[in-house]
There are 2 protein chains.
Amino acid sequence: MTTTPAASPTNDWLRLDQQICFSLNAASRAFGGVYRVILKDLGLTYPQYLVMLVLWEHGELPVKKLGEHLRLDSGTLSPLLKRLETAGLVRRERSVRDERSVEVRLTDEGVALRERAVEVPRRILGATGFDLDEIRALRERLDQLTGALDSATLDEA
Amino acid sequence: MTTTPAASPTNDWLRLDQQICFSLNAASRAFGGVYRVILKDLGLTYPQYLVMLVLWEHGELPVKKLGEHLRLDSGTLSPLLKRLETAGLVRRERSVRDERSVEVRLTDEGVALRERAVEVPRRILGATGFDLDEIRALRERLDQLTGALDSATLDEA
DNA sequence: CACAATTCAATTGCCCACAACTAAATGGCC
DNA sequence: GGCCATTTAGTTGTGGGCAATTGAATTGTG
C-alpha cells in the first residue's frame with residue numbers, strides 16, 4: 001500500500017521543508033531551549049522574562065498595557081502574573097483611579113533581579129552565532145512579516 | 001567578562017524591541033493566527049496540519065520517525081495523534097515487527113483531506129506579502145539559526 | 001439621573017510543548 | 001537460556017497561548 005509519496009513537482013507545495021512557518025516554529029522552539037538553560041538560574045521561564053523586560057523598561061503598568069507590549073491577552077497574563085507574584089517578583093494592585101484595572105509593579109526583589117539579567121542577551125547572542133547587524137536585519141524582516149500576517153488575519157475576519 | 005559599551009547603552013541590551021527572540025515569537029504567533037483561520041475549514045490545528053503534511057509526504061511511519069521530522073516528542077505527539085484518530089484521519093497500530101513501535105497511517109478520509117489542503121500554502125504565502133525567493137531566503141536564515149541554537153543548547157548541557 | 005454600550009481582568013476550556021517518569025519490548029552479551 | 005542496557009510509547013505535571021464567557025466598573029447618551 002503505497003500512497004504515492006510526492007513525485008510530481010506540483011506536490012512540492014505541501015512539502016514540510018518548504019513551509020516557512022515550520023522553520024519559524026522550529027527556530028522559536030530552539031530559542032526556547034536555549035533560554036530555558038540560561039534563565040534557569042534566574043528562576044524565570046521565557047515568557048516571564050519578557051514580562052520582566054517590559055517592567056524593567058517601563059516601571060509599573062496595568063495588565064492591559066503589558067499585554068499590548070507583548071501581544072498577549074489576559075488569559076495568558078493573569079496566571080503568569082500570579083506565578084511571578086508567588087515568586088515575589090511583582091505585586092498586583094487594583095488601580096484606585098480605575099478599579100477595573102490592575103497595576104503590576106516590581107518588588108525590590110524584582111528590581112534587583114535586573115542586575116543578574118543584564119548578561120542574558122549577550123549569552124543569547126553568542127548562542128545564535130550571528131552578529132548584531134545580522135540579528136537586526138533578521139529582526140526587521142520578521143517584524144515586517146508579522147505586520148503583514150496581522151493585516152491578513154484582520155482581512156479574513 | 002569585558003566591559004561592554006559603557007553605562008547607559010547597557011540598558012539597551014534589555015530592551016524588548018531589540019530581542020530577536022521576541023520578534024521570532026511574535027511572528028510565530030502571528031502565523032498561528034493566520035493558520036487558525038485558514039485551517040478551520042479542514043478541522044485541523046497548525047501542529048495537526050504539520051503531522052498530516054509529513055504523513056502525506058511519507059505515507060505511514062512510526063511515532064518516533066514522525067517526531068524526528070517535526071522535532072516533537074511523544075509527550076506532544078501521543079495526545080495529538082489520539083485527537084487525529086478520533087477525528088477519523090489516522091489509525092494507530094502496534095507494529096507486528098517491533099511491538100514497542102506504533103505505526104501511524106492515514107485513513108481514506110485522511111488521504112482525501114489532502115485535496116482540500118493543497119491550497120493552504122498558497123493562501124499562506126499571500127498572507128505573508130513575501131515572494132517565493134524572499135521566503136526561501138528567510139527560511140534558510142532561520143534554519144541556520146536553529147542549527148546554531150541547537151548546538152549551543154548541547155554545549156550548555 | 002437612568003440605562004445601554006464599552007472596557008478590563010479573571011476564569012474556563014481546549015490545545016500544544018517539554019521534562020520526568022513508567023512500562024513494555026527488543027537486542028546484545030555472557 | 002538468562003540478564004541487562006537500550007529503545008519506544010505513553011502518562012503526568014507544569015506552563016504557555018488563545019477563544020469565549022463572566023462580572024464588575026466606567027463611560028456615553030438621552
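No experiment lies behind these values; they were computed from the predicted model shown. Chain A is the first sequence line, chain B the second, and so forth, proteins listed ahead of strands; every chain is numbered from 1.
C/dA9 atom C1' lies 14 Å from atom CD of A/E68, rounded to whole Å. In this structure, CG of A/L66 is placed 9 Å from P of C/dA9, rounded to the nearest angstrom. Between A/L80 atom CG and D/dC18 atom P the separation is 13 Å, expressed in whole Å. To the nearest angstrom, P of D/dG23 lies 15 Å from CZ of A/R94. Rounded to an integer number of Å, the gap from A/Y46 OH to C/dC18 C1' is 17 Å. Rounded to an integer number of Å, the gap from A/E93 CD to C/dA10 P is 13 Å. Protein atom CG of B/D73 is 14 Å distant from nucleotide atom P of D/dT11, rounded to whole Å. The CG atom of A/L77 sits 13 Å away from the P atom of C/dT11 (whole-angstrom rounding).
Counting any heavy atom pair closer than 4.0 Å across all strands shown, B/S74 reaches a base atom. Within 4.0 Å (heavy atoms only), B/P62 reaches sugar-phosphate atoms of the nucleic acid but no base atom. Backbone-only engagement by A/T45 is indicated by non-hydrogen atom pairs under 4.0 Å involving sugar-phosphate atoms exclusively. Residue B/L72 is classed as a sugar-phosphate contact, given heavy-atom separations below 4.0 Å to backbone atoms only. Among the heavy atoms of the strands lying under 4.0 Å from B/K82 are primed sugar atoms or P, OP1, OP2 only; no base atom is included.
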Item to check | Chi angles and distances behind the salt bridge (charged side-chain N to carboxylate O under 4.0 Å, His left out) call for A/R71, A/D150 | outcome: CA-CA 11 Å; A/R71 295 168 176 271; A/D150 283 347; 2.6 Å; yes
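A donor-acceptor pair is defined here as one N or O able to donate and one able to accept, closer than 3.5 Å; no such pair exists between the side chain of B/D108 and the backbone of B/V111. A donor-acceptor contact shorter than 3.5 Å is absent between the side chain of B/R92 and the backbone of B/E103.
For D/dC18, the OP1/OP2 oxygens have no side-chain nitrogen or oxygen of B/K40 closer than 4.0 Å. B/R92 has a side-chain polar atom (N or O) that falls below the 4.0 Å cut-off from OP1 or OP2 of D/dG10. In this structure, A/R29 reaches the C/dC18 phosphate: one of its side-chain N or O atoms is under 4.0 Å from OP1 or OP2. Between B/R83 and C/dC14 there is no side-chain polar atom (N or O) within less than 4.0 angstrom of OP1 or OP2. In this structure, A/K64 does not reach the C/dT6 phosphate: none of its side-chain N or O atoms is under 4.0 Å from OP1 or OP2. Taking only side-chain nitrogens and oxygens, B/S78 comes nearer than 4.0 Å to OP1 or OP2 of D/dG10.
Both A/R97 and A/T76 sit near DNA chain D, but only A/T76 has its closest nucleotide nearer the 5' end. Checking B/R36 against A/P79, the closest nucleotide of DNA chain D that is more toward the 5' end is the one next to A/P79. Along DNA chain C, the nucleotide nearest A/A30 and the nucleotide nearest A/G75 are compared for position; the residue whose nucleotide lies closer to the 5' end is A/G75.
Relative orientation of the B/Y49 and B/W56 rings is perpendicular, given thresholds of 30° and 60° on the angle between their planes.
Taking each heavy atom of A/R139 and B/S23 in turn, the nearest pair found is CG-OG, 3.0 Å.
Considering only the side chain of A/R100, C/dT7 comes nearest among C/dT7, C/dC15, D/dG10. Of the candidates C/dC16, C/dA10, C/dA17, the closest approach to any side-chain atom of B/Q48 belongs to C/dC16.
Taking hydrophobic clusters as Ile, Leu, Val, Met, Phe, Trp and Tyr residues chained together by side-chain heavy-atom distances below 4.5 Å, A/V96 does not share a cluster with A/V102.
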